[in-house]
Amino acid sequence: MSESLKIVWDGSLDTGVKLVDVQHKYLIDIINELAEAIEQDKAASAIGEILNLLQYYTEWHFEREELCMNRYQCPVAAANEDAHGKFIETVKAYREEYRQGGGTREIALRIYQTLTNWLVKHIQGVDCQLGPCLPDNVREQGAF
Ligand SMILES: [Fe+2]
């Protein structure tokens, strides 16, 4: 068996904001569920449910993160919102493709690649800029 597709959370994904990191770890759990389904050859049947959960959870998480960036006037707030909007559109497009064509290993792999590339790049490029905008107590308790 080749190397696992699963993503392992490490310090390069640490935004310095506890609550955001907890939410990102859960997003990674969802992606890893997809990775596991692909590895066990169950992706075709699992993909629909994973896409539903992914859209539901990303929308909820993005909203929290956007509120926080706006409240603390983070300079990347607008860029973050824009990136989130585009990502949700991508997820919706996949759901539509799945609705029309059904689940296949091919679409599962494509979704997996898109998710991992986007999430890692987005966390490191945009979300990591949130921490310095927050007061210490908010950063540590995540009480936004
Ligand atoms: Fe973000």
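Both ligands and their constituent atoms are indexed starting at 1 by order of listing. Along the sequence shown, residues are numbered consecutively beginning with 1. Quick caveat: nothing in here was measured; it's all calculated off a predicted structure.
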Q: Give a yes or no on this: more than 12 heavy atoms of other residues, nucleotides or ligands lie within 6.0 Å of atom CD of E49.
A: no
Q.
Applying side chain to side chain donor-acceptor pair (under 3.5 Å) as the test, list every pair that has at least one member in residues 107-116; sequence neighbours left out.
A. Y94-T114, E97-R110, E106-R110
Q) Any luck finding a side-chain donor-acceptor pair between E65 and N80 under 3.5 Å? A) yes
Q | Results of side-chain hydrogen bond (donor to acceptor under 3.5 Å, both in side chains) for K92 - residues two or more places apart only | A | none
Q) Which pairs with one or both residues in residues 5-56 pass ring pair (Phe, Tyr, Trp, His ring centres under 6.0 Å), sequence neighbours excluded? A) H24-H61, Y26-Y57
(Q) Would you say T15 and D21 are linked by a side-chain donor-acceptor pair, where the criterion is simply a distance under 3.5 Å? (A) yes
**Q.** the Fe ion (ligand 1): protein N, O or S atoms [distance under 2.8 Å]
**A.** E65 OE1, N80 OD1, H84 NE2, H122 NE2, D127 OD1
